[in-house]
Amino acid sequence: MTDAGMQPTLKVEGLTKRFAEHTLWSRLSFDAGPGSIIAVSGPSGAGKTTLLNCVGLLEDFDEGSVTYNEGTFRSGYLHKSRKGQRVCLRENIGFLFQNYGLVEQWNVSRNLQIPLKMKKREHRKERDERIESVLDIVGMKGSQKKKIYTLSGGEQQRIALARLLLKQPSVILADEPTSALDQDNANVVIRILCELAQQGAAVIISTHNEEIKQICSSIIEIG
Ligand SMILES: Nc1ncnc2c1ncn2[C@@H]1O[C@H](COP(=O)(O)OP(=O)(O)OP(=O)(O)O)[C@@H](O)[C@H]1O
């Protein structure tokens with residue numbers, strides 16, 4: 001998944017997840033380098049969402065490790081130190097969820113200021129220009145003042161994509177990002193994820209969608 005000699009952006013080694021006596025998946029290992037698009041595939045209940053949550057440091061796992069450029073997170077890391085997790089989430093990881101993950105009561109512009117604020121204080125004009133530019137890319141030009149709850153699901157997912165374009169995370173974890181969308185909106189999601197990969201992100205997508213699997217450099221089957 002990475003070129004020989006190139007440092008992977010993300011390294012997953014021997015990852016195992018259990019709920020009580022039930023082992024969801026065990027000893028999963030894979031690398032993801034800049035530009036790679038990896039599908040996570042498997043039947044309903046196989047643990048695709050749980051895998052993305054574990055790789056994205058939102059949920060602990062029972063064995064193994066997840067390594068980003070900043071360091072390695074081993075099983076139990078959530079009980080030890082949350083600082084590394086917070087830095088990694090802020091600097092490296094971007095999510096694209098089925099429920100869009102936006103603050104519904106805020107308008108589009110305020111939602112899109114979150115990644116910009118996290119990076120550095122920018123001048124207002126430059127910030128607004130960048131927001132305008134990414135909204136144009138996702139086909140949502142002029143929507144800055146609209147409240148999120150007034151937008152359709154497809155429009156909300158476009159705003160979530162605009163947020164990824166602003167944040168430029170090195171790893172993007174997308175959980176069934178097209179499952180609730182019509183074909184036009186699904187095409188936008190696929191196009192932007194490909195662009196983000198071309199710009200150097202490693203993209204991991206849980207999906208049942210055959211079109212998405214076709215753009216992936218590899219597929220991880222679970223369950
Ligand atoms: N906190 C939890 N405690 C116990 N079981 C859980 C917990 N979270 C998830 N599970 C179980 O783990 C299994 C995998 O769930 P997950 O949502 O990861 O599957 P999935 O492959 O993404 O499914 P789908 O394709 O339907 O979205 C399910 O049986 C679920 O009930």
Side-chain angles (χ1 to χ4, degrees), residues 1 10-32 36-68 73-82 85-86 88-89 92-102 104 152-154 156-158 160-161 163-164 169 171-183 185-190 192-193 196-197 201-223:
M1 289 163 208
L10 164 70
K11 196 170 181 60
V12 173
E13 287 179 291
L15 217 60
T16 297
K17 179 74 178 179
R18 296 186 196 98
F19 287 118
E21 300 299 302
H22 177 57
T23 300
L24 202 51
W25 26 258
S26 74
R27 297 182 190 165
L28 283 179
S29 298
F30 61 91
D31 290 352
S36 57
I37 307 182
I38 300 170
V40 176
S41 179
S44 181
K48 301 180 292 299
T49 298
T50 307
L51 177 60
L52 293 192
N53 286 344
C54 289
V55 171
L57 306 179
L58 298 178
E59 189 171 337
D60 212 340
F61 33 88
D62 295 280
E63 287 169 21
S65 64
V66 176
T67 301
Y68 288 89
F73 297 86
R74 296 182 200 287
S75 165
Y77 71 93
L78 279 177
H79 300 293
K80 291 173 193 152
S81 162
R82 288 193 176 246
Q85 176 214 23
R86 277 200 303 270
C88 214
L89 283 168
N92 276 329
I93 308 173
F95 294 98
L96 197 62
F97 288 137
Q98 274 170 291
N99 64 359
Y100 322 119
L102 301 164
E104 294 207 345
S152 72
Q156 291 190 37
Q157 195 64 306
R158 287 172 189 246
L161 285 166
R163 189 177 50 183
L164 286 179
V171 174
I172 294 170
L173 299 164
D175 189 12
E176 303 261 10
T178 61
S179 62
L181 306 182
D182 62 22
Q183 191 63 46
N185 281 303
N187 289 343
V188 173
V189 171
I190 293 170
I192 304 287
L193 287 176
L196 284 159
V203 181
I204 302 174
I205 315 175
S206 85
T207 190
H208 296 286
N209 182 317
E210 288 306 319
E211 251 177 285
I212 290 192
K213 287 185 194 169
Q214 280 170 18
I215 62 157
C216 291
S217 35
S218 58
I219 299 181
I220 298 166
E221 291 282 354
I222 58 172

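All residue numbers refer to positions in the sequence shown, counting from 1. Each ligand, and each atom within it, is numbered from 1 in the order the structure gives.
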Give the residue and atom name of whichever protein heavy atom lies nearest to atom 26 (O) of ligand 1, and the separation in Å to one decimal. S44 OG, 2.6 Å

For ligand 1, which atoms sit closer than 4.0 Å to a heavy atom of H208? 25 (O)

Do me a favour and list the nearest non-hydrogen protein atom to atom 29 (O) of ligand 1 with residue, atom name and distance? G45 O, 4.2 Å

So does L57 get a backbone contact from the side chain of Q85, meaning a donor-acceptor N/O pair under 3.5 Å? yes

S41 and K213: side chain donor to acceptor below 3.5 Å: yes

Suppose I only count heavy atoms of T50 and a 4.0 Å limit; which atoms of ligand 1 are within that range? 15 (O), 16 (P), 18 (O)

State the OG1-CG distance between T178 and N185, to the nearest 0.5 angstrom. 10.5 Å

For L24, which part has a heavy atom under 4.0 Å from ligand 1: side chain, backbone, both, or neither? side chain

Measure the CG-CD distance between L96 and E176 for me, rounded to the nearest 0.5 Å. 11.5 Å

Can you pull out the closest protein heavy atom to atom 2 (C) of ligand 1? Residue, atom name and distance to 0.1 Å, please. F19 CE2, 3.3 Å

K48 heavy atoms within 4.0 Å reach ligand 1 at atoms 18 (O), 19 (O), 20 (P), 21 (O), 22 (O), 23 (O), 24 (P), 25 (O)

Of all the atoms in ligand 1, which lie at a distance below 4.0 Å from a heavy atom belonging to G47? 14 (C), 16 (P), 18 (O), 19 (O), 20 (P), 21 (O)

Tell me, which protein residue and heavy-atom name are nearest atom 27 (O) of ligand 1, and how many Å apart are they? T49 OG1, 4.1 Å

Quiz question for you: does at least one protein heavy atom lie closer than 4.0 Å to atom 31 (O) of ligand 1? no

Do R18 and E63 sit within salt-bridge range, that is, some charged N less than 4.0 Å from a carboxylate O? yes

Do S206 and D175 meet the criterion of a side-chain donor-acceptor pair at a distance under 3.5 Å? yes

So, do F61 and F73 have ring centers that fall under 6.0 Å from each other? no

Check ligand 1 against P43 and write out every atom of the ligand that is under 4.0 Å from a heavy-atom position of the residue. 21 (O)

Please confirm whether S206 comes under 4.0 Å of ligand 1, counting heavy atoms of the residue only. no

So if I apply the side-chain contact (heavy atoms from CB on, under 4.5 Å) rule between L10 and each of D31, T67, V55, I93, which one comes out positive? V55

